[in-house]
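Remember, predicted model here, so these are calculated numbers, not experimental data.
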Amino acid sequence: MAETIKLVDVTKCDGCRACMVSCKNWNDLPSEMEDFHGSYQSHEKITANTWNVLTFNEQERKDGGLDWLFRHSSCLHCTEAACEKACPENAISHTEFGSVVVDYDTCVGCGYCVQACGFDAINLATYVDKNGKEFRKAQKCTQCTDRLEEGLQPACATACHTGAIVYGDKDELLSSAEDRLAQIKERYPNANIYNPQGISGTNTVYILADKPKTYGLPENPKVALSQIVWKDYAQPIGKMMLGATTMAVIGSFIATNLNKKNHSSEGDQSHE
């Protein structure tokens, strides 16, 4: 299966928010009313029930003009995902499409993934069970994995009328991103392709008109070494040791019971 990515060209975005609406509709996410923050931006940030937010930033040009810097902000689906490394229950994993998804049945709502994510793209949603008890689950953009499994495009890409969000073959889109970068460099000298290699790249790649920090993105994100050690070494070894301990306990239990049976048999024979 060929690798695929979502490419977001912010220079083509006109701020219509169709991506936000389509995401809400497809994933059946509840609306969230927010107070006015002094901006055209509808929501301040990504939440557990708003999986993508179109950010609005005003930037003054040297000639005195004004540029709107829009960004379709959602989970980047990191190749080395900090949220996946931080999860103690293995509830977060990569799919065959490279998307990072949460298994809601396995998630215990601990919040470690929220703390680990350098993009603030995953959050905890609070629910109430039939007994009135509250519980939490981690939620975020799935890159419409359920649609991809049916041969469809992500809802945001389908809704985008300017072609700012496209989904397809990784090599083809990365090549087109390089071509687009060459076209816009004169107008946007700081334009760049955001696909951070500190986390081995992302499944959502951006063409940015300015430096990542202008859009609230970390320059060179990395997974903390402590998370790598915990997930890739300590946790597997711990499970092996737990398994060995469990087997030793079971073995001891069986041996003890066999000894009791043997002694009981010997006692019965002596009485005879």
Side-chain angles (χ1 to χ4, degrees), residues 1-27 29 39-43 46 50-59 61 65-79 95 97-100 119 121 140-196 201-212 214-217:
M1 178 179 174
E3 289 186 87
T4 52
I5 61 169
K6 182 169 77 174
L7 178 65
V8 181
D9 184 350
V10 303
T11 67
K12 293 182 179 180
C13 178
D14 65 359
C16 74
R17 300 190 186 92
C19 55
M20 293 183 64
V21 175
S22 62
C23 177
K24 286 276 189 181
N25 286 344
W26 178 258
N27 294 292
L29 297 171
S39 167
Y40 285 112
Q41 187 171 315
S42 62
H43 294 70
I46 296 170
T50 299
W51 293 354
N52 84 72
V53 170
L54 195 72
T55 60
F56 284 60
N57 291 308
E58 296 179 9
Q59 186 179 65
R61 296 195 302 267
L66 185 70
D67 279 330
W68 273 112
L69 299 184
F70 302 123
R71 182 171 76 90
H72 162 76
S73 172
S74 65
C75 177
L76 278 75
H77 300 275
C78 311
T79 302
T95 70
F97 305 101
S99 53
V100 180
F119 300 97
K140 69 175 193 66
C141 162
T142 66
Q143 206 166 71
C144 287
T145 298
D146 53 344
R147 291 174 62 90
L148 299 180
E149 290 172 342
E150 299 300 324
L152 301 173
Q153 294 269 309
C156 58
T158 301
C160 183
H161 69 106
T162 64
I165 304 174
V166 292
Y167 185 87
D169 182 83
K170 179 178 180 178
D171 292 335
E172 291 180 5
L173 288 183
L174 289 180
S175 177
S176 69
E178 293 288 352
D179 293 340
R180 177 63 176 168
L181 188 64
Q183 294 173 5
I184 64 175
K185 268 291 187 180
E186 185 174 351
R187 180 176 179 182
Y188 304 109
N190 294 325
N192 63 94
I193 296 173
Y194 189 74
N195 186 26
T202 54
N203 208 247
T204 293
V205 177
Y206 285 98
I207 300 174
L208 300 177
D210 208 336
K211 296 177 181 179
T214 305
Y215 294 89
L217 292 167

**Study point:** Cationic N near anionic O, under 4.0 Å, Arg71 to Asp210
**Key:** no
Check your understanding: With side chains defined as the heavy atoms from C-beta onward, is the minimum distance between Leu29 and Trp51 less than 4.5 Å?
Key -> yes
Practice item. Check for a donor-acceptor pair, side chain of His43 on one end and backbone N or O of Val53 on the other, with a separation under 3.5 Å. Key: no
Point to revise | Check: Arg180/Thr11 side-chain N/O donor and acceptor closer than 3.5 Å | key: yes
Study note, to complete from the structure: Heavy-atom nearest pair, His72 first then Cys19, reads ND1-SG, 3.4 Å
Point to revise | Heavy-atom side-chain contact between Ile46 and Ser73 under 4.5 Å | key: yes
Review point. Is Arg17 close to Ser42 at the side-chain level, that is, under 4.5 Å between some pair of heavy atoms?
Key: yes
Check your understanding: Is there a side-chain contact between Thr145 and Phe97 (heavy atoms, below 4.5 Å)?
Key -> yes
Point to revise | Close side-chain approach of Cys160 to Thr162, heavy-atom, < 4.5 Å | key: yes
Review point. Can you tell if the side chain of Cys16 reaches within under 4.5 Å of the side chain of His161, non-hydrogen atoms only?
Key: yes
Review point. Has the side chain of Arg147 got a donor or acceptor atom that lies under 3.5 Å from a matching backbone atom of Leu152?
Key: no
Point to revise | Side-chain touch Leu54/Cys13, heavy atoms, less than 4.5 angstrom | key: yes
**Study point:** Test item: side-chain donor near acceptor, Thr214 and Gln59, under 3.5 Å
**Key:** no
Check your understanding: Between Trp26 and Asp146, is any side-chain donor less than 3.5 angstrom from a side-chain acceptor?
Key -> yes
Review point. Please walk me through it: do Val205 and Ile193 pass side chain to side chain contact (heavy atoms under 4.5 Å, CB included)?
Key: CA-CA 7 Å; Val205 177; Ile193 296 173; 3.7 Å; yes
Check your understanding: Parallel, tilted or perpendicular: which fits the ring planes of Tyr40 and Trp68, with parallel below 30° and perpendicular above 60°?
Key -> perpendicular
Practice item. Report yes or no: does Tyr215 contribute a side-chain atom to a donor-acceptor pair with the main-chain N or O of Ala209 at less than 3.5 Å? Key: yes
Point to revise | Where Cys141 and Cys75 come nearest, the two heavy atoms and their spacing | key: CB-CB, 3.9 Å
Practice item. With rounding to the nearest 0.5 Å, note down the distance linking OG1 in Thr4 to CG in Leu173. Key: 9.0 Å
Practice item. May I ask you to decide if Phe70's main-chain N or O and Asn57's side chain share a donor-acceptor pair within less than 3.5 Å? Key: no
Review point. Do Lys140 and Ser74 get their side chains close enough for a donor-acceptor pair, meaning under 3.5 Å?
Key: no
Review point. Judged by atom type as modelled, is there a donor-acceptor pair below 3.5 Å linking the side chain of Asp67 to the main-chain atoms of Leu69?
Key: no
Point to revise | Lys211 side-chain N/O to Asn190 backbone N/O, donor-acceptor pair under 3.5 Å | key: no
Exercise for review: Quick one: closest heavy-atom pair of Leu7 and Ser176, and the distance?
Suggested key: CD2-OG, 3.9 Å
Exercise for review: Determine, step by step, whether Ile207 and Ile184 satisfy the side chain to side chain contact (heavy atoms under 4.5 Å, CB included) criterion, reporting the C-alpha distance in whole Å, the side-chain angles of both residues, the deciding distance to 0.1 Å, and the verdict.
Suggested key: CA-CA 10 Å; Ile207 300 174; Ile184 64 175; 3.9 Å; yes
Point to revise | Check: Leu208 and Tyr194 side chains under 4.5 Å, non-hydrogen atoms | key: yes
Point to revise | side chain to side chain contact (heavy atoms under 4.5 Å, CB included) between Asn203 and Thr79, intermediate numbers included | key: CA-CA 7 Å; Asn203 208 247; Thr79 302; over 6 Å; no
Exercise for review: For the pair Lys6 and Ile165, evaluate side chain to side chain contact (heavy atoms under 4.5 Å, CB included) and give the outcome as yes or no after the intermediate values.
Suggested key: CA-CA 7 Å; Lys6 182 169 77 174; Ile165 304 174; 3.7 Å; yes
Check your understanding: Which residue pairs satisfy the salt bridge (Lys or Arg N to Asp or Glu O under 4.0 Å) criterion with at least one member in residues 165-179, sequence neighbours excluded?
Key -> Glu3-Lys170
